[in-house]
Amino acid sequence: MVNPASSISKIEDIPSQETVFDFLGRRSTIGPAADERWYSVKGLLMALPRVAQLLLEGQPGTTLTVAGWVRTRRDNPAFSFIELNDGSCLSNLQIVVDASVPGYAETIKLATTGASVRIEGELKACPAGAKQRVELHAKSLEVLGVADAKTYPLQKKGHSWEFLRGIAHLRPRTNTFGAMARVRNTVSYSIHRFFQERGFVYVHTPIITTSDCEGAGEMFQVTTLDLERLAKSTPASNAAPLVDYTQDFFGKKAHLTVSGQLEGETYATAVGPIYTFGPTFRAENSNTTRHLAEFWMIEPEMPFYELDDNMQLAEEFIKTIVRDVLRERAEDMAFFNDRIDKTILATLQNILDHDFKRVSYTEAVDILTTCGQKFEYPVEWGINLQAEHERYLTEKHFQQPIIVYNYPRTLKPFYMKCNDDGKTVRAMDVLVPGVGEIIGGSQREDELDTLLSRMQECHLNPDDYWWYVDLRRYGSVPHAGFGLGLERMILLLTGMQNIRDVIPYPRFPGSAEF
RNA sequence: UCCCUGGUAGCUCAAUGGUAGAGCGAGCGGCUGUUAACCGCUAGGUUCUAGGUUCGAGUCCUAGCCGGGGAGCCA
């Protein structure tokens with residue numbers, strides 16, 4: 001059952017001006033007139049059509065070859081239905097394999113759930129009453145890789161999230177995780193597009209840092225020192241430190257970054273608005289549905305922006321992502337609305353339809369203390385808003401995303417701009433129903449003396465931040481920025497409950513499997 | 001880290017201290033348009049681990065391991 005179409009394996013074999021299908025299953029034409037992006041990914045283009053594209057605009061009468069994985073198979077005496085999924089979209093392509101197909105008796109038995117197959121056939125319109133528009137009538141069926149039904153863990157039934165987390169290498173083959181991967185991809189592209197269209201420069205801030213305390217949580221240490229040997233050794237004298245970091249790889253103690261903000265500011269005050277988009281690491285012992293030890297964060301930083309500008313950009317940013325995902329991943333979003341959270345589409349539309357309510361911390365405290373609602377933790381000016389408080393504000397009182405700003409300075413890091421009242425700083429948190437804090441940001445302190453006294457207040461040594469302080473010494477300007485947790489954005493978009501299920505391979509305390 | 005809760009068939013779950021079960025999945029058979037297909041039959045268990053109480057423990061007690069939910073930290 002050799003398939004002639006499979007001989008197209010190298011990009012050179014695809015004639016110029018040929019119609020091909022990109023990774024989203026969209027049709028495109030490559031050739032001399034095509035734009036650069038196409039050339040740069042030419043080698044990755046699939047010579048086979050994708051299911052997404054066939055379901056959308058495949059024409060009956062076309063003979064073609066598809067390949068993918070069997071989701072399920074339904075047998076009749078004279079033929080079988082194969083549900084073929086290639087990951088290009090949620091839906092499967094229904095394959096009709098008649099018993100007259102060469103080798104049917106032996107081959108069809110191997111086409112079990114999870115097996116990979118390649119099929120050549122003719123696209124035909126479905127009989128009236130069928131769910132789908134077209135289906136493929138096989139002329140040949142080739143099983144590329146079997147999946148022993150006795151041991152293949154995925155069944156055609158619902159699995160618990162815990163179980164799927166244990167088979168994180170196979171869960172992308174489920175509807176939910178396939179949809180999650182596509183939404184994640186669309187969000188990532190939307191984020192780059194949002195900033196690129198506004199002239200932001202994408203800056204790659206370091207992953208490894210020797211700033212001892214960036215003020216955003218516990219850090220993972222990075223070292224090439226032989227810890228096992230050190231554990232066995234005894235100090236030469238009481239005075240000598242057991243660990244000599246001058247002998248370590250960087251000559252001093254190093255960590256994985258918890259934020260690219262400080263380095264981001266240096267480029268923002270040179271090349272204009274910038275953004276970072278990369279992995280971030282927090283060694284907090286957090287066991288929640290909203291925290292990961294390794295997550296992806298987007299941090300824009302804008303010169304000449306004050307707090308109001310910052311809030312406006314954050315709102316536009318979130319709305320743009322929501323709009324793009326609703327438009328570009330309609331089928332996946334309908335799935336999330338149907339199977340994961342029945343209110344998710346209405347929630348997202350609600351986000352698009354309203355301006356984010358801007359509430360100062362002081363106003364928020366007033367609302368919470370006069371609303372009559374009983375809270376486990378009492379509210380008073382100067383305390384951190386608890387999750388229950390934030391939830392009340394965004395889910396009950398306003399029932400839409402809100403931005404809380406001007407927090408007490410005792411609650412916030414040293415780099416946030418002090419207000420003239422002497423009590424508050426120009427911080428802002430964007431809170432959304434269901435997820436809570438999704439963005440945290442601020443206008444930055446741009447006055448040298450104020451920054452130095454704030455560092456003192458926070459027990460930080462300005463010498464450790466000499467290069468950061470220099471920005472206020474040389475050509476200082478007002479500037480602002482914020483951080484968006486990518487995974488929290490995906491939670492908001494999909495209605496998924498656990499942050500461990502919106503990242504391919506979650507890392508959290510006690511778990512870095514795969 | 002704290003509080004709550006759970007661990008039984010491949011998966012999802014039942015089982016008053018008294019013979020460990022169902023649905024789905026799997027295997028086999030049937031069915032000429034199915035679509036979480038349907039119908040019939042069959043197989044499938046160290047009840048997380050180690051102790052203890054008891055005539056008898058999946059069930060009660062102690063400890064441990066692992067998971068889930070909530071809180072804190074934050075994005």
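Each chain gets a letter, A, B and so on, in the order the sequences are listed, and its residues count up from 1.
- Out of B:A71, B:A75, B:C31, the shortest distance to the side chain of A:N287 is found at B:A71.
- Sorted by first then second residue, the salt bridge (Lys or Arg N to Asp or Glu O under 4.0 Å) pairs that include residues 377-395 of chain A, not counting sequence neighbours, number zero.
- Pairing each heavy atom of A:E284 with each of A:P509, the nearest pair is O-CG, 4.0 Å.
- For A:K319, the side-chain hydrogen bond (donor to acceptor under 3.5 Å, both in side chains) partners two or more places apart in sequence, or in a different chain, are A:E315.
- Classified by interplanar angle (parallel below 30°, tilted 30° to 60°, perpendicular above 60°), the ring pair A:F375/A:Y392 is perpendicular.
- Dashed line: the shortest gap from a side-chain N or O of A:R290 to OP1 or OP2 of B:A71 is under 4.0 Å.
- Side chain of A:T288, nearest nucleotide from B:C74, B:A71, B:G72: B:G72.
- For A:Q94, the side-chain hydrogen bond (donor to acceptor under 3.5 Å, both in side chains) partners at least two apart in sequence or on another chain are A:R74, A:E135.
- In this pair, A:F194 and A:F317 present their aromatic rings tilted. The plane angle is within the 30 to 60° band.
- Look at A:K131 and you'll find a side-chain N or O under 4.0 angstrom from OP1 or OP2 of B:A36.
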Give me the distances for all protein-to-nucleotides 23-27 of chain B N/O pairs that come in under 3.5 Å?
| from | atom 1 | to | atom 2 | distance (Å) |
| --- | --- | --- | --- | --- |
| B:G23 | N2 | A:K157 | NZ | 3.2 |
| B:G25 | O2' | A:Q155 | NE2 | 3.4 |

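- The stretch residues 386-394 of chain A comes close to RNA chain B through A:Q386, A:A387, A:R391, each having a heavy atom under 4.0 Å from the strand.
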Between N or O atoms, less than 3.5 Å apart, protein on one side and nucleotides 65-68 of chain B on the other: list the pairs.
| from | atom 1 | to | atom 2 | distance (Å) |
| --- | --- | --- | --- | --- |
| B:G68 | OP1 | A:R165 | NH1 | 2.5 |
| B:G68 | OP1 | A:R500 | NH1 | 3.3 |
| B:G68 | OP2 | A:R500 | NH1 | 3.2 |

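- Of the listed nucleotides (B:C31, B:C74, B:U34), B:C74 has the atom at the smallest distance from the side chain of A:N384.
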